[in-house]
Amino acid sequence: MFGLIGHSTSFESARNLARSLGFEEYADGDLDMWCSAPPQLVERISVTSPTGQCIEGAYIDSVFVPEMLSRFKTAKRKVLNAMELAQKNGIDITALGGFTSIIFEDFKLLREQQVRATTLDWQRFTTGNTHTAWVICRQVEANAPQLGIDLRRAKVAVVGATGDIGSAVCRWLSQRTGVQELLLVARRPQPLADLQQELGGGRILSLEDAMAEADVVVWVASLAQASSIDPGRLRRPCLMIDGGYPKNLDTKAAGEGIHVLKGGIVEFGSDIGWQMMEAAEMANPQRQMFACFAEAMLLEFEGLRTNFSWGRNNITLEKMDLIGAASLRHGFQALGLEHPAPVPSFSST
Amino acid sequence: MPTLETTTSVDSALGPLEGSELPDFTTAAYKDAYSRINAIVIEGEQEAHDNYMSLGTLLPDQAEELGRLARMELKHMKGFTACANNLGVTADMPFAQEFFSPLRNNFQAALKDGKVVTCLLIQALLIEAFAISAYHIYIPVADPFARKITEGVVKDEYTHLNYGQEWLKAHLEESRAELEQANRDNLPHVRRMLDRVAADAAVLHMEKEDLIEDFLIAYQDALTDIGFTPREIARMAAAALLG
């Protein structure tokens, strides 16, 4: 059985979701009440692969909302209690969605393995970052040419380059895709220098300078930095893959020739028949989901019930190949641009 | 990878984790708060003993098992009395007796009417879940003597919660309506008890938010095992969240 741990994108949307699911008492409660509310297993799901294989899973809402980020103990408790609930329900492999894996890593919850009577078994959880990184790379490779961007001559900026997903994307783009130049953007100099050395290339730039040069931007950093984007300085055309969380880059960078694509989102080949992705505000909630969630499904399909994506900077190209092949085999497709601009004539000559 | 660094500094975020360090057990403020918290625990164990003995009169074929549970509660009570002595604190028993009176009155009324289901909900689910959550939150911030004793007790309390669960699971269909009514009548009392104890608990480094969520997890686990659906449970539990 696979599991997904998710949460609403805001307190307001959480209340609306509670009301729509018939949890009226929760819908009317204030944030303090939500801080004390335990996680809920809200939905059971079955998914059938094009191979005919059918797997069962469950969606757990951690009852976390981003408004709780400033309450460290609350955020920590929400994540640990949701993980405990997944384990108590016998779920073999659970993806940590949205802020769940970020809180787990940044608040160092590896030190908190004992939750009441339950010793958390890390093997049962995955951040889903390997699949997310693979999907983002596919999105770059498939959508840039549609905009007339030849990746072999393109500069690709990776914002958040030293993170788990960012570093994996850099490795793939430099070794597999063969982009002309990688522009590396991150906050801390030392990890950036280490990454550059590991890649054997790439240019370290400030966010502002990278934005002015990039044909493709892969955004896998916190959105707090996005406010400094000046759309007037972006190249045209520019493909922006919004792989951050939550995804609202399109509100920060809009304009003629700027194409923002929600990054790390996949679409399944048929309707799943669940309610929960409506909460995540997907365009097609019956088929679309975060790639990290899909990773838990893929690991279940493949019988790889293990913490496939775990810790930081452990994503290898081999693992991306493995999860990518599984993704294609079981009917997932990376989200693409809906209405790409016509390819300018010069690129076809 | 998205990171929290821009919304919450990791350094400041890590502060509270280290902030669960032990309180100073020797201060007057600690001992004053402890006199009430400890009394509640002692009284809770005494009530539990009395309640299981009473339940034995309603369920004569189970009287032996219930007597065994009751004796465990008395053993716990002695352990917690020793914890107070160890810190040189005198438990405020009149406070604790009054603290438990709403649940005690409801239990006694149900006992008089022969309502086994209500009695089990009050004692074997609510009071046990309340105790388990409080002990879980207390253990990391307890003095070394009390910590050892509490760790032993919490294992026993799970078996008590389990006793109520098993009986109610076996009789769910005929008990459902009474369970829901008993939940409505008694869960708000638990919430008020948690509210009343919050300030003293905070002195012991136990936070109300943690206590409520832990209590609800234990209670929801019990209701899940008994056979309620997640939505029924969320609705029942809301009575504790809304007070």
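Chain A is the first sequence line, chain B the second, and so forth, proteins listed ahead of strands; every chain is numbered from 1. As a basis for the values below, the full set of heavy atoms in this structure was taken, side chains included, without hydrogen atoms, waters or symmetry mates.
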- Item | Top contributor to chain A contacts, counting heavy-atom pairs under 4.5 Å, from B:T229, B:I132, B:I212, B:T224 |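 Counting heavy-atom pairs under 4.5 Å, the top option is B:I212.
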To the nearest 0.5 Å, what is the distance between [atom1] on [X] and [atom2] on [Y]?
| X | Y | atom1 | atom2 | answer |
| --- | --- | --- | --- | --- |
| A:L41 | B:Q220 | CG | CD | 11.0 Å |
| B:R191 | A:S36 | CZ | OG | 6.5 Å |
| A:L21 | B:R231 | CG | CZ | 5.5 Å |

Heavy-atom closest pair, residues [X] and [Y]:
| X | Y | result |
| --- | --- | --- |
| B:H136 | A:A117 | CE1-N, 4.0 Å |
| A:Q40 | B:P230 | OE1-O, 4.3 Å |
| B:A234 | A:Y26 | O-CE1, 3.3 Å |

- Message: Between A:E24 and B:R235, does any NZ, NE, NH1 or NH2 come within less than 4.0 Å of an OD or OE carboxylate oxygen?
- Response: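 No, B:R235 and A:E24 are not salt-bridged.
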- Please examine the side chains of A:C35 and B:K208, heavy atoms only from C-beta on, and report whether any two atoms are closer than 4.5 Å. no
- Query: Where does B:Y158 contact chain A at under 4.5 Å (heavy atoms): side chain, backbone, both or neither?
  - Reply: side chain
- Portion of B:E209 that has a non-hydrogen atom of chain A nearer than 4.5 angstrom: both
Checking [X] against chain B: side chain, backbone, both or neither under 4.5 Å from a heavy atom?
| X | answer |
| --- | --- |
| A:R44 | neither |
| A:T74 | both |
| A:V42 | backbone |
| A:P66 | neither |

- Reference residue B:D210; test salt bridge (charged side-chain N to carboxylate O under 4.0 Å, His left out); the match among A:R116, A:R77, A:K76: A:R77
- Only one of B:D214, B:D221, B:I217 passes side chain to side chain contact (heavy atoms under 4.5 Å, CB included) with A:P38, and that residue is B:I217
